[in-house]
Amino acid sequence: MKIRPLHDRVIVKRVEAERTTASGIVIPDSAGEKPDQGEVVAVGNGKIQDNGEVRPMAVKAGDRVLFGKYAGQGVKVDGEELLVMREEDIMGVIEA
Amino acid sequence: MKIRPLHDRVIVKRVEAERTTASGIVIPDSAGEKPDQGEVVAVGNGKIQDNGEVRPMAVKAGDRVLFGKYAGQGVKVDGEELLVMREEDIMGVIEA
Amino acid sequence: MKIRPLHDRVIVKRVEAERTTASGIVIPDSAGEKPDQGEVVAVGNGKIQDNGEVRPMAVKAGDRVLFGKYAGQGVKVDGEELLVMREEDIMGVIEA
Amino acid sequence: MKIRPLHDRVIVKRVEAERTTASGIVIPDSAGEKPDQGEVVAVGNGKIQDNGEVRPMAVKAGDRVLFGKYAGQGVKVDGEELLVMREEDIMGVIEA
Amino acid sequence: MKIRPLHDRVIVKRVEAERTTASGIVIPDSAGEKPDQGEVVAVGNGKIQDNGEVRPMAVKAGDRVLFGKYAGQGVKVDGEELLVMREEDIMGVIEA
Amino acid sequence: MKIRPLHDRVIVKRVEAERTTASGIVIPDSAGEKPDQGEVVAVGNGKIQDNGEVRPMAVKAGDRVLFGKYAGQGVKVDGEELLVMREEDIMGVIEA
Amino acid sequence: MKIRPLHDRVIVKRVEAERTTASGIVIPDSAGEKPDQGEVVAVGNGKIQDNGEVRPMAVKAGDRVLFGKYAGQGVKVDGEELLVMREEDIMGVIEA
């Protein structure tokens, strides 16, 4: 099953960042807050602007992105938790 | 009886997704939350843009769509529960 | 007495849909919720758009329309309860 | 004393509609709710649109109009209670 | 000391309207509500519109104007209480 | 240290107006409310309008301005309390 | 790891300003409020305007900027606390 996002929507899969406390103990993710990073799974065609033209997306599938803790809406697709958000909600692209 | 949606409105019929708990027991839908998926039944002519032009719809009857849990407004037509929402409320199209 | 709606306003007369419980008993309307259907009685000239042009109405007198439970404002004209709403509030046209 | 309304403002004098209960007793207005009808006393030059042009008013002095129960702002001019509202607040013109 | 209002702002001096009760007793102003009338003291150059052009003001110094009870912001200039409001807040011009 | 405001922002230094009670006693400022006047210290290049053009500022450094009691955001620069506000928040220029 | 901000977003690193009380005692930062200054680490390509054009950024990496106490959203990158905000949230550039 695949989702084709509409317009300026982006489907993102959260990425579990490693978490280490100050004292060096790694905290399993269920005990910490969910990370704000993810990998773009699919993007729409772009935002329809006021003048009716479509603006191409600034992110693409495979990009690692940063987003706000409460961005997007969770959906479960084939047992996998995904987030659907707008390009607007993405703050930046993480470059290795 | 048939409904012809106005402008950018979309009529959607919820689709009951199968639900299985972690332990493998299938939960009948009345006990779980309503799914966020549906099939498009009818669409309007398109959104009237600020410049007065009509933008054709990005979804069509028969499309399987994903939408937010609280999207749309329920209407009962010929005993059948339908949802009327805006194209804006549809997050993506599910492709098999 | 007749009302000529301004701009994109629509005057609608609620239509009492028949109501039957699961067990087959017809409920007189005063005991149930008010229906969300109505017949268009009169329409304005159309919505004045941002560019100053008037967009003709998408519904006309006689149309049977679907609208949200809380759409419009009630007015009593010659002892008859009517609703004044905007075209925006009409979700679709019911075709027999 | 006369008021010249600015732009898209309209000055309206409420009209006391006759009120009769189901049993046929006429209720003097002080005991009932204020009616939602009025007569236009004066109108502005028209609404200044986004493109800077002025759109002429759709109502004129002498028109009998219908408006929402909470529309406008009351002003007392020469001992007479008037309402100042925007054309936007007028739902329609009552034609005899 | 003089204030030159910016853009579409208007400086208004409240005018104390005479107040008489139904029984004919004149109430000194401190016992009644503040009146909604005033005299325009100074006006700005006009509102900067979306297209960048300046729209000249519809009121001028010396005009007697009507405004909402809570319009504007009070300022004390040389011991005199004035109101600074936007042209938008002025409902109409009172003509003698 | 100097601040260069961005776009339509204005940096203002509050000016302590002399305060005298009705009985003629001068109140030191710490006992009264802060005044709503100030001197413009620096201005941005101007507001970027919807059409992309920059509108030059209507105030300049050295202007004595009037602003709302809660306008702007306080910043401390080199031990001096300043306010950063938008041109929009300035009601007028005080001319001696 | 590097973040490339999207559109009009700016990544800022807070700068700890020295803090001295009136009596001359320097307060370590953990005891005081966080400062409102920072250094720009990275900027996006610019804001997409209503007409579809991109407006270049008014700040650049290395600029020392002033921002509101609650501006931006904190992100932790490689153990370093950063803020992601919009150019809109930056009040001015501090020049030495």
Side-chain angles (χ1 to χ4, degrees), chain B residues 1-14 28-31 34 38-63 65 67-90, chain C residues 7-10 12 14-27 29 32-40 43-60 62-72 85-96:
Chain B
M1 191 168 99
K2 233 189 75 183
I3 303 173
R4 171 168 54 86
L6 286 193
H7 309 308
D8 58 333
R9 284 204 170 85
V10 179
I11 301 182
V12 173
K13 195 183 157 191
R14 282 183 185 280
D29 190 69
S30 62
K34 284 194 182 167
E39 191 187 312
V40 173
V41 172
V43 301
N45 286 330
K47 187 175 170 70
I48 295 155
Q49 297 178 139
D50 280 358
N51 60 8
E53 283 168 29
V54 174
R55 189 188 80 211
M57 301 295 278
V59 293
K60 61 179 188 304
D63 277 355
V65 292
F67 46 86
K69 210 176 284 302
Y70 305 108
Q73 207 163 355
V75 286
K76 209 166 192 166
V77 176
D78 292 342
E80 190 174 44
E81 284 246 11
L82 297 174
L83 276 171
V84 185
M85 60 183 71
R86 292 174 180 279
E87 195 201 85
E88 180 67 21
D89 297 319
I90 295 178
Chain C
H7 309 308
D8 59 333
R9 285 204 169 84
V10 179
V12 173
R14 281 181 185 281
V15 174
E16 312 295 343
E18 243 177 80
R19 279 150 184 272
T20 316
T21 61
S23 58
I25 301 164
V26 176
I27 310 169
D29 189 69
E33 277 182 28
K34 284 195 181 165
D36 299 324
Q37 296 178 25
E39 192 187 312
V40 174
V43 302
N45 285 330
K47 186 175 171 71
I48 295 155
Q49 298 178 138
D50 280 358
N51 59 8
E53 282 168 30
V54 175
R55 189 187 79 212
M57 300 295 279
V59 294
K60 60 179 190 305
D63 278 355
R64 182 101 167 217
V65 292
L66 207 69
F67 46 86
K69 209 176 283 301
Y70 305 108
M85 60 183 72
R86 292 174 180 280
E87 196 202 83
E88 180 67 20
D89 297 320
I90 294 178
M91 299 187 304
V93 176
I94 301 170
E95 294 174 335

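By convention in this document, chain letters (A, B, ...) are assigned in the order of the sequence lines, proteins followed by strands, and residues within each chain are numbered from 1. Quantities reported herein were computed from a predicted structural model and do not represent experimental measurements.
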What part of Val65(C) gets closer than 4.5 Å to chain B, counting heavy atoms only: side chain, backbone, both or neither?
neither

Report every donor-acceptor pair between chain C and chain B with a separation under 3.5 Å, backbone and side chains included.
from, atom 1, to, atom 2, distance (Å)
Glu87(C), OE1, His7(B), NE2, 2.5
Glu88(C), O, Arg9(B), NH1, 3.3
Glu88(C), O, Arg9(B), NH2, 3.0
Glu88(C), OE2, Arg86(B), NH2, 2.7
Ile90(C), O, Arg9(B), NH1, 2.9
Met91(C), O, Leu6(B), N, 3.1
Val93(C), N, Arg4(B), O, 2.9
Val93(C), O, Arg4(B), N, 2.7
Glu95(C), N, Lys2(B), O, 2.6
Glu95(C), O, Lys2(B), N, 2.9
Glu95(C), OE2, Arg4(B), NE, 2.9

Testing the basics here: between Leu66(C) and Ile3(B), what is the closest heavy-atom pair and its distance to 0.1 Å?
CD2-CD1, 3.5 Å

Tell me, for Ile11(B) versus chain C, whether the close heavy atoms (under 4.5 Å) come from the side chain, the backbone, both or neither.
neither

